[in-house]
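Counting starts at 1 for both ligands and their atoms, in listed order.
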Amino acid sequence: MKRVYNFSAGPSMLPLEVLEQAQKEFVSYGDTGMSVMEMSHRSKDYEAIIKKAEADLRELMEIPDNYKVLFLQGGGSTQFSMIPLNLMNKNNKADYVNTGQWSKKAIEEASRYGKVNVVASSEDKTFSYIPKLDESKFDKDADYFYITLNNTIYGTRYTTLPNTGDVPLVGDMSSSILSEKVDITKFGLLFAGAQKNLGPAGVTIVIIREDLLGNAMDFTPTMLKYDIHAKNDSLYNTPPTYGIYFAGLVFDWVKRQGGVSAMQKINEEKAKILYDFLDESELFRGTVAKEDRSLMNVPFVLPTEELNEKFIKEAKERGLVNLKGHRTVGGMRASIYNAMPREGVVALVEFMKEFEAKNK
Ligand SMILES: *Cc1c(COP(=O)(O)O)cnc(C)c1O
């Protein structure tokens, strides 16, 4: 069966090279005579896999030595509670910016453990922009300041980071990790679920500054304490072994592409092809404020619901799949993560042009 261009928001497309490598090693990894899935997480062979994955991620993201890299489970969503449980520990309050459903869920969860101050929100315009932040509204005594770097559902991203002074900045980068350069030193904590840019669902990466470890609320379950995982090099219990191995293959692949800056350059090119067309089209329209456009998720609409449906159906027949927008937004959304080749975006835009000519 021919592979399609899969524009799914997540789980999403993975590099074919990586899938094929995993396939080759599936039944027997190296000379071990067993699959990575069948290995003890405490074996020498597995230790080498997880150590290399961490070293490669550190290299790719230029993660300084005073940050721990953790491979956890529970998806991005578990971080919504882990973060307050571990960090809302001095003044029991935190600042949040509400830029969409994922921020909202994070806010809801944090509100169960302390006081949440919503500094700004873009809910008034269906989250189609990143709100301007007024520093005078930042709470100097907040335990942390929380943002969602790339808003998967609405297609917005931060292009500048808030200046939070001594208050640790916490970032959800589930849908943008390794897609563009990020200065880790600006953050106290960054996290990302794997299923958008890193590999199969099941691994969540947390990058945390060491001084933030060890002050979890008393009732925090052991499995939700960052310091437990940090002390045990992510091997407190059985980690998602196969997912970590697979993410390691993706890290290797990103290195072969030239690293994160090279990835960013390709992603900017890909996004430009699509946005340029949306800007000149008389039929299609992008839904996001230009200056806040995501490089990863591109939502767009046609003038009527019937045309949206027709477009999605005909695109699918062309091997351009999963273009339906999120149920809360409607229309279309093309997710063009690292693994989406330039040709996939070109094929999509060619089809959009044809569709426009026929349906004007
Ligand atoms: C997908 C996503 C999540 C949730 O991830 P799960 O692994 O499904 O819990 C959180 N934040 C962002 C920005 C996402 O894109």
Hey, does N150 sit under 4.0 Å from ligand 1 if you only count heavy atoms? yes
Does ligand 1 have an atom that lies less than 4.0 angstrom from a heavy atom of Q195? yes
Is there a nitrogen or oxygen of S77 sitting under 3.5 Å from a nitrogen or oxygen of ligand 1? yes
Check against side chain to side chain contact (heavy atoms under 4.5 Å, CB included), T204 and T78: CA-CA 9 Å; T204 308; T78 298; over 6 Å; no
Taking the six-membered ring for Trp and the single ring otherwise, decide whether the centroids of Y154 and Y129 are under 6.0 Å apart. no
Hey, does G193 sit under 4.0 Å from ligand 1 if you only count heavy atoms? no
Check for me whether the distance between the ring centres of F187 and Y67 falls short of 6.0 Å. no
Give the residue and atom name of whichever protein heavy atom lies nearest to atom 1 (C) of ligand 1, and the separation in Å to one decimal. K196 NZ, 1.4 Å
Does Y144 have its ring centroid less than 6.0 Å away from the ring centroid of Y96? yes
Below a 4.0 angstrom heavy-atom separation, can you tell me which part of N151, side chain or backbone, both or neither, approaches ligand 1? neither
In terms of side-chain geometry, is the basic nitrogen of D139 or K93 positioned less than 4.0 Å from the acidic oxygen of its partner? yes
Show the atoms of ligand 1 that are less than 4.0 angstrom away from any heavy atom in T152. 12 (C), 13 (C), 14 (C), 15 (O)
Backbone or side chain, does any N or O of G76 fall under 3.5 Å from an N or O of ligand 1? yes
